[in-house]
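To start, the structure under review is shown below, and the notes come after it.
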Amino acid sequence: MESLKPVRGTQDVLPQESRIYRKVEETAYKVAQRYGFDEIDIPIFEFSEVFSRTLGDSSDIVTKEMYTFVDKGGDTITLRPEGTAGVARAFISNGLQQSLPLKLFYKGPMFRYERPQKGRRRQFRQVGVEVLGVSSYQADVEIISLASNFLKELNLENDITLELNTLGDNDSRQLYKVRLLDYLDKYKNELSKDSLNRLRKNPLRILDSKDPRDRSIVDNAPKIIDSLNHDSKQFFENLCDGLEKLNISFKHSTNLVRGLDYYCHTAFEFTSTNLGAQGTVLAGGRYDGLINQMGGPNTPGIGWAAGIERLALLTKMENKKIRPIAVIPTNQENYIDALVIAEKLRKNGFNIELGYNGSAKKRMKKANENNCIAAILLGKEEIKNNIVILKDMDSGAQQEISQLKLEKHLDMYKII
RNA sequence: GCGGAUGUAGCUCAACUGGUUAGAGCACCGGCUUGUGAUGCCGGGGGUUGGGGGUUCAAGUCCCCUCAUUCGCCCCA
């Protein structure tokens, strides 16, 4: 039946995978905390203008990728396609310019109406950070360092490379655009169809075109770096210096760009070659013009976002379930006594598996499947004598233990 | 939105050029004397072959449509 399938591009994350997602998210939060970031939790939908105004009406996200609907009150609502716009809106709504600089962490689902592929869903998860109110390169170094350490904690440092570029400030970029368009004008007839389109909409994008026809043209195109004014050049050099001092290796990719006008200076991507066409795993940049453009006070910002699904695909890390202790009544009549013991142990911090039915044999088998570290067996003999049988599931050794001393004996299993 | 590939049990796959009640391994459930797990042996459930339509005496096998997955493009995490 059609309706029993998940909607295209959505997925059920079953426990085994869910544990890995959780691990990735927790790792991101943990590392962000070390840098003094605090979590902000913003709505997963906003008035559509929040996104259409910030992302630009001509961007693909706005024109074809937004999940937009009219709610019962007649408002046009959009499921968030990314996090930055919502954070910026929250910054303005809550008058947070009082508390600058702000270092914010967020996580949660995002929505884009796209063609699903490996590592690309219509509902997907991101973690991200934003620094608001810092116009110096120091924030750029900081969040890239944060990103780098986050990926390191996931054991991905060998699978991922950092690509870095600068877009310069507004003046530099305007100058560059003119130079680039001048240059491309000569090759109008040789550019791919897509790039001809980009020529009007988003000329910088032509720089990272994958079409081989464009490649050779682009290779000889003027470079942004040559159009930078003094301040912009200085900014980029400071950033590079900072990263080198921190031993964060990067590749200066002169063709890495961001299309929208409020982006400036730093643009970076952490990419992997193991994800097919969706190689970008974490990406960010500086957006000094964004908050102002939204109608807020002129406030610089920089941030990045990472795709949880993509990271989870790459990480070989398993987030193993902790090994529980099974409490097993050898007879169904002893269930209540087992329940009482289980409850007591749970209150004291142990992870207890207590099955619902089955013979002792069945329950032992289940305990084995659950990877239990120990089993506590309880029958009428034991109840009578106030003891239990404690069995180590790895060695198979078992001993009788007084119920009073049980927890002391279990302490060796408590550490996970 | 555009182009290519794929779609058989929960999973991985089988079924000669279209031909009788669609098979196997793993997984699942039950049993091998009733208070104890990992092997082993025996047995069992589970598929309208993604869905719909067509060709044919006959379709999992051919054709069309649709849905989904997958690999690219666009774009992006």
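Keep in mind that the numbers below use all heavy atoms, side chains included, and drop hydrogens, waters and symmetry copies. Residue numbers start from 1 in every chain, and the chains themselves are labelled A, B, ... in the order their sequence lines are given, proteins ahead of strands.
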Only counting residues at least two apart or in another chain, list the ones meeting ring pair (Phe, Tyr, Trp, His ring centres under 6.0 Å) with [X].
{"X": "A/Tyr113", "result": "A/Tyr67"}
{"X": "A/Tyr106", "result": "none"}
{"X": "A/Tyr29", "result": "A/Phe105"}

Between [X] ([atom1]) and [N] ([atom2]), how many Å, whole number?
{"X": "A/Glu163", "N": "B/rC76", "atom1": "CD", "atom2": "P", "result": "15 Å"}
{"X": "A/Leu14", "N": "B/rC11", "atom1": "CG", "atom2": "P", "result": "11 Å"}
{"X": "A/Arg120", "N": "B/rC74", "atom1": "CZ", "atom2": "P", "result": "10 Å"}
{"X": "A/Met66", "N": "B/rC76", "atom1": "CE", "atom2": "C1'", "result": "15 Å"}
{"X": "A/Phe51", "N": "B/rC75", "atom1": "CZ", "atom2": "P", "result": "21 Å"}
{"X": "A/Glu65", "N": "B/rC74", "atom1": "CD", "atom2": "C1'", "result": "9 Å"}
{"X": "A/Arg80", "N": "B/rA77", "atom1": "CZ", "atom2": "C1'", "result": "13 Å"}
{"X": "A/Arg121", "N": "B/rC76", "atom1": "CZ", "atom2": "P", "result": "20 Å"}

Counterpart base for [N], defined by Watson-Crick or G-U wobble contacts under 3.5 Å:
{"N": "B/rG40", "value": "B/rC32"}
{"N": "B/rA15", "value": "none"}
{"N": "B/rA22", "value": "none"}
{"N": "B/rG1", "value": "B/rC73"}
{"N": "B/rU6", "value": "B/rA68"}

Given [options], identify the nucleotide with an atom nearest to the side chain of [X].
{"X": "A/Tyr113", "options": "B/rA77, B/rU70, B/rG1", "answer": "B/rG1"}
{"X": "A/Arg8", "options": "B/rA68, B/rA77, B/rG30", "answer": "B/rA68"}
{"X": "A/Gln117", "options": "B/rC75, B/rC71, B/rC76", "answer": "B/rC71"}

A/Leu243 and its side-chain contact (heavy atoms from CB on, under 4.5 Å) partner, picked from A/Asp140, A/Ile144, A/Asn238: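 Exactly one pass, corresponding to A/Ile144.
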For RNA chain B, the residues among residues 38-47 of chain A that have a non-hydrogen atom under 4.0 Å from it: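 None, since no heavy atom is under 4.0 Å.
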What's the spacing between [X] [atom1] and [Y] [atom2] if we round to 0.5 Å?
{"X": "A/Ile328", "Y": "A/Ile325", "atom1": "CD1", "atom2": "CD1", "result": "12.0 Å"}
{"X": "A/Leu151", "Y": "A/Leu146", "atom1": "CG", "atom2": "CG", "result": "9.5 Å"}
{"X": "A/Leu79", "Y": "A/Thr68", "atom1": "CG", "atom2": "OG1", "result": "8.5 Å"}

What distance, rounded to whole Å, do you find between the two [atom1] atoms, one in [N] and one in [M]?
{"N": "B/rC28", "M": "B/rA9", "atom1": "C1'", "answer": "12 Å"}
{"N": "B/rG53", "M": "B/rU17", "atom1": "C1'", "answer": "26 Å"}
{"N": "B/rG30", "M": "B/rA38", "atom1": "P", "answer": "14 Å"}
{"N": "B/rU8", "M": "B/rU70", "atom1": "P", "answer": "14 Å"}
{"N": "B/rG35", "M": "B/rG51", "atom1": "P", "answer": "47 Å"}

Annotated protein contacts, base or backbone, on nucleotides 32-38 of chain B with a non-hydrogen cut-off under 4.0 Å, one of B, S, - each: ---BBBB
5'-most by nearest nucleotide on RNA chain B - A/Val7 or A/Asp208: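 Residue closer to the 5' terminus by nearest nucleotide: A/Val7.
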Pull out every protein N or O sitting under 3.5 Å from an N or O of nucleotides 3-8 of chain B, one pair per line with the distance.
none

side-chain N/O A/Arg205 vs B/rC76 OP1/OP2, d < 4.0 Å: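 Yes, A/Arg205 has a side-chain N/O under 4.0 Å of OP1/OP2 on B/rC76.
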Derivation and outcome, salt bridge (charged side-chain N to carboxylate O under 4.0 Å, His left out), residues A/Glu46 and A/Arg89: CA-CA 9 Å; A/Glu46 300 270 357; A/Arg89 193 234 79 224; 2.6 Å; yes
Sole residue of A/Glu17, A/Lys23, A/Glu25 in side-chain hydrogen bond (donor to acceptor under 3.5 Å, both in side chains) with A/Tyr21: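 Result: among A/Glu17, A/Lys23, A/Glu25, A/Glu17 is the only option passing the side-chain hydrogen bond (donor to acceptor under 3.5 Å, both in side chains) with A/Tyr21.
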